[in-house]
J.: 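I have a structure I would like to understand better, so I am pasting it below and will then ask my questions one at a time.
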Amino acid sequence: MGPIGIFGGTFDPIHYGHLRTAFELQQALRLSEMRFMPCGDPPHRHQPLADAAQRLAMVRAAVEGQEGFLVDDRELRRGGPSYTVDTLAALREEWTEAPLCLVIGMDAFLGLPRWHRWLEILRLAHVVVAHRPGWRAPDMGTLGELLAERGTSRVRDLHTTRAGAIFVHAVTQLEISSTEVRALIRAGRDPRFLMPDPVRRIILDSGCYAATEDH
Ligand code: ATP
């Protein structure tokens with residue numbers, strides 16, 4: 001069995017920046033599966049605008065029919081703060097031997113040392129960092145040192161060990177962010193072609209970003 005990818009996020013809403021990144025990583029890293037994991041109560045950032053059920057429905061609609069893409073709603077079901085370390089520990093109990101690859105964008109990676117029990121995360125999983133427009137890999141400080149120590153460019157390392165490596169990968173740069181998608185919808189514009197059409201339909205039918213105050 002190949003590594004299992006775990007792509008966590010608020011997905012408020014999910015868009016092609018997420019989906020294309022997940023697909024390119026699934027292929028490049030030869031992942032057995034990519035699990036999209038919408039978070040419930042994100043401890044590190046503002047609260048999502050769409051509620052948990054809407055965000056989950058959008059993620060489900062986005063991955064529908066794509067081989068190897070799965071939706072994992074355990075963080076929504078758990079309630080309370082969604083700490084990645086707890087999620088990975090639960091996954092590790094289910095998959096004792098498979099490598100786990102936590103996928104995050106470069107912007108999220110730069111904040112990693114602020115995550116709850118962050119060093120434990122690397123004992124439970126590899127961290128796969130996707131380049132994101134506007135963000136550069138750190139070359140100094142805690143994360144610079146960590147990259148020098150744990151960084152690898154060999155996909156094989158993600159298959160032969162269960163956890164502990166950091167793999168930085170250049171993906172097609174799509175300058176889409178959920179924040180900008182929400183702003184566009186609030187301004188009365190159409191989010192067509194920024195996300196799969198079934199996701200757009202959920203947004204338009206529910207009006208979930210139409211008249212909200214953003215952060
Ligand atoms: P926001 O604009 O609200 O911050 P976001 O799209 O960055 O939204 P999340 O849904 O939490 O927020 O993102 C989940 C993960 O996907 C994060 O690790 C983030 O870095 C990554 N990501 C988001 N958009 C892109 C993109 N366009 N390209 C690559 N990675 C992305």
Side-chain angles (χ1 to χ4, degrees), residues 5-29 31 34-52 54-63 69-73 75-76 81-85 87-88 100-116 118 121 125-138 143 166-187 191 193-196 199-200 202-203 208-209 212-215:
I6 299 128
F7 196 176
T10 30
F11 301 124
D12 187 27
I14 192 164
H15 53 66
Y16 279 134
H18 300 125
L19 291 161
R20 181 70 204 175
T21 297
F23 182 61
E24 290 185 14
L25 290 173
Q26 180 195 27
Q27 297 208 310
L29 275 49
L31 302 177
M34 180 67 96
R35 303 180 86 82
F36 287 77
M37 181 125 19
C39 64
D41 173 9
H44 305 285
R45 48 180 295 166
H46 63 74
Q47 295 300 308
L49 288 186
D51 65 31
Q54 282 166 331
R55 291 183 295 113
L56 179 61
M58 290 190 278
V59 175
R60 288 212 166 108
V63 308
F69 278 16
L70 299 172
V71 182
D72 187 325
D73 65 354
E75 290 194 348
L76 297 178
S82 296
Y83 291 123
T84 301
V85 67
T87 305
L88 292 174
L100 300 178
C101 289
L102 177 70
V103 173
I104 54 179
M106 186 60 81
D107 55 317
F109 179 65
L110 294 176
L112 190 65
R114 291 191 297 275
W115 292 21
H116 187 53
W118 72 282
I121 290 177
H126 300 304
V127 174
V128 171
V129 186
H131 275 297
R132 211 179 158 182
W135 301 89
R136 275 192 40 227
L143 287 175
I166 303 177
F167 185 95
V168 179
H169 192 69
V171 293
T172 301
Q173 300 290 277
L174 293 171
E175 205 162 352
I176 307 174
S177 79
S178 300
T179 306
E180 283 166 27
V181 170
R182 293 193 302 268
L184 182 144
I185 296 164
R186 234 182 7 263
F193 304 135
L194 293 173
M195 61 194 57
V199 177
R200 171 177 165 270
I202 293 175
I203 293 174
C208 59
Y209 301 117
T212 47
E213 274 296 303
D214 215 327
H215 310 272

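Heavy-atom basis, side chains included; hydrogens, waters and symmetry copies ignored. We count ligands from 1, going down the list as the structure has it; atoms in each ligand are counted the same way.
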J.: Strictly under 4.0 Å, does any heavy atom of Tyr16 approach an atom of ligand 1?
T.: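 Checking ligand 1 against Tyr16, which is what was asked, there is no heavy-atom contact under 4.0 Å.
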J.: I need the contact type for Glu180 against ligand 1. Using non-hydrogen atoms and a strict under-4.0 Å cut-off, is it side chain, backbone, both or neither?
T.: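 Neither part.
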J.: Should Phe109 and Leu143 count as side-chain neighbours, where that means a heavy-atom distance under 4.5 Å?
T.: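 Heavy-atom side-chain distance check passes, below 4.5 Å.
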J.: Which of the numbered atoms in ligand 1 are below 4.0 angstrom from a heavy atom of Thr21?
T.: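 Ligand 1 atoms under the 4.0 Å threshold to Thr21: 28 (N), 29 (C), 30 (N).
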J.: Below 3.5 angstrom, do we get any N/O pair linking Gly105 and ligand 1?
T.: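 N/O-N/O distance under 3.5 Å: yes.
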J.: Taking the minimum heavy-atom distance to atom 8 (O) of ligand 1, which of Pro48, Pro38, Ser178, Gly8 ranks first?
T.: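 Nearest option to atom 8 (O) of ligand 1, by heavy atoms: Ser178.
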J.: How many angstroms lie between CH2 in Trp118 and OG1 in Thr84, if you round to the nearest 0.5 Å?
T.: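 Interatomic distance, Trp118 CH2 to Thr84 OG1, rounded to 0.5 Å: 13.5 Å.
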J.: Met195 and side chain to side chain contact (heavy atoms under 4.5 Å, CB included): which partner among Val181, Leu19, Ile176, Ile14?
T.: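 That would be Val181.
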J.: Using a 4.0 Å cut-off to any heavy atom of His18, which atoms of ligand 1 qualify?
T.: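 Answer for ligand 1: 6 (O), 9 (P), 10 (O), 13 (O), 14 (C), 16 (O), 22 (N), 23 (C), 24 (N).
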J.: Enumerate the atoms of ligand 1 whose separation from the nearest heavy atom of Arg182 is less than 4.0 angstrom.
T.: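 Atoms satisfying the 4.0 Å criterion: 3 (O).
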J.: Answer yes or no: is there a donor N or O on one side and an acceptor on the other, between the side chain of Asp12 and the main chain of Ala50, under 3.5 Å?
T.: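 Flag set: sc Asp12 to bb Ala50 pair under 3.5 Å.
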J.: Please could you name the atoms of ligand 1 that Asp107 approaches to less than 4.0 Å, counting only its heavy atoms?
T.: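 By the 4.0 Å cutoff, the relevant atoms are 19 (C), 20 (O).
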J.: Indicate, as side chain, backbone, both or neither, the part of Ile176 found under 4.0 angstrom from ligand 1 when only non-hydrogen atoms are considered.
T.: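 For Ile176, only backbone atoms sit under 4.0 Å from ligand 1.
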J.: Which bit of Leu174 gets closer than 4.0 Å to ligand 1, counting heavy atoms only: side chain, backbone, both or neither?
T.: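 Answer for Leu174: backbone.
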J.: Among Phe11, Phe69, Phe36, whose ring-ring contact (aromatic ring centres under 6.0 Å, His included) with His18 holds?
T.: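 Testing each of Phe11, Phe69, Phe36 against His18, the sole residue satisfying ring-ring contact (aromatic ring centres under 6.0 Å, His included) is Phe11.
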J.: Quick one: which ligand 1 atoms are inside 4.0 Å of a heavy atom on Gly9?
T.: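 Here the atoms of ligand 1 in question are 11 (O), 14 (C).
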J.: Keeping Ser178 on the side-chain end and Pro13 on the backbone end, is there a donor-acceptor pair under 3.5 Å?
T.: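 Yes, because the side chain of Ser178 sits within donor-acceptor range (under 3.5 Å) of the backbone of Pro13.
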J.: Heavy-atom contacts with Phe7 under 4.0 Å: which atoms of ligand 1 show up? List them by number with element.
T.: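 Answer for ligand 1: 15 (C), 16 (O).
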J.: Distance under 4.0 Å to a non-hydrogen atom of Thr179: what atoms of ligand 1 satisfy this?
T.: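 Under 4.0 Å from Thr179, ligand 1 has these atoms: 1 (P), 2 (O), 3 (O), 4 (O).
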J.: Is there a nitrogen or oxygen of His15 sitting under 3.5 Å from a nitrogen or oxygen of ligand 1?
T.: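 So ligand 1 has an N or O lying under 3.5 Å from an N or O of His15.
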J.: So, for Pro38 and Asp72, which heavy atoms are closest and what is the spacing to 0.1 Å?
T.: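 For Pro38 and Asp72, the tightest heavy-atom pair comes out as CD-O, 3.4 Å.
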J.: Just to be sure I'm reading this right: ignoring hydrogens, which of His131, Arg132, Met37, Arg55 gets closest to atom 31 (C) of ligand 1? Compare them by their nearest heavy atoms.
T.: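 Ranked by closest heavy atom to atom 31 (C) of ligand 1, first place is Arg132.
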J.: Taking non-hydrogen atoms only, is Ala130 closer than 4.0 angstrom to ligand 1 via side chain, backbone, both or neither?
T.: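 The answer is neither; Ala130 stays 4.0 Å or more away.
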J.: Using a 3.5 Å distance criterion without hydrogens, assess whether the side chain of Glu180 forms a donor-acceptor pair with backbone atoms of Ser177.
T.: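 No, Glu180 side chain to Ser177 backbone: no donor-acceptor pair under 3.5 Å.
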J.: Regarding ligand 1, does Val103 bring an N or O atom to under 3.5 Å of one of the ligand's N or O atoms?
T.: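 No: no nitrogen or oxygen of Val103 is under 3.5 Å from one in ligand 1.
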J.: To the nearest 0.5 Å, tell me how far Leu31 CG sits from Ile6 CD1.
T.: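 So the gap between those two atoms works out to 9.5 Å.
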J.: Quick check: does Met106 get an N/O under 3.5 Å from an N/O on ligand 1?
T.: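 The answer is no, given that Met106 and ligand 1 share no N or O pair closer than 3.5 Å.
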J.: Looking at His126 versus Phe167, is the centre-to-centre ring distance below 6.0 Å?
T.: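 Here the rings of Phe167 and His126 have centres that are no less than 6.0 Å from each other.
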J.: Applying a strict 4.0 Å limit to heavy atoms, is Arg20 in contact with ligand 1?
T.: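 No; Arg20 lies far enough from ligand 1 that no heavy-atom distance drops under 4.0 Å.
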J.: Quick one: are Gln173 and His131 in side-chain contact, heavy atoms under 4.5 Å?
T.: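 Gln173 vs His131: side chains touch.
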J.: Return yes or no for this condition: an N or O of Asp12 is under 3.5 Å from an N or O of ligand 1.
T.: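 No - when backbone and side-chain N and O of Asp12 are compared with those of ligand 1, no distance drops under 3.5 Å.
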J.: Tell me, with the steps shown, if Leu110 and Trp135 meet side-chain contact (heavy atoms from CB on, under 4.5 Å).
T.: CA-CA 9 Å; Leu110 294 176; Trp135 301 89; 3.5 Å; yes
J.: Under 4.0 Å from a heavy atom of Ser177: give me the atoms of ligand 1 that qualify, with their elements.
T.: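 Near Ser177, meaning under 4.0 Å from one of its heavy atoms, ligand 1 has 2 (O).
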J.: Taking Asp51 for the side chain and Gln54 for the main chain, is one N or O donor matched with an acceptor at less than 3.5 Å?
T.: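 Confirmed, Asp51 side chain pairs with Gln54 backbone.
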J.: Ligand 1 and Ala108, any nitrogen or oxygen pair closer than 3.5 angstrom?
T.: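 N/O-N/O distance under 3.5 Å: no.
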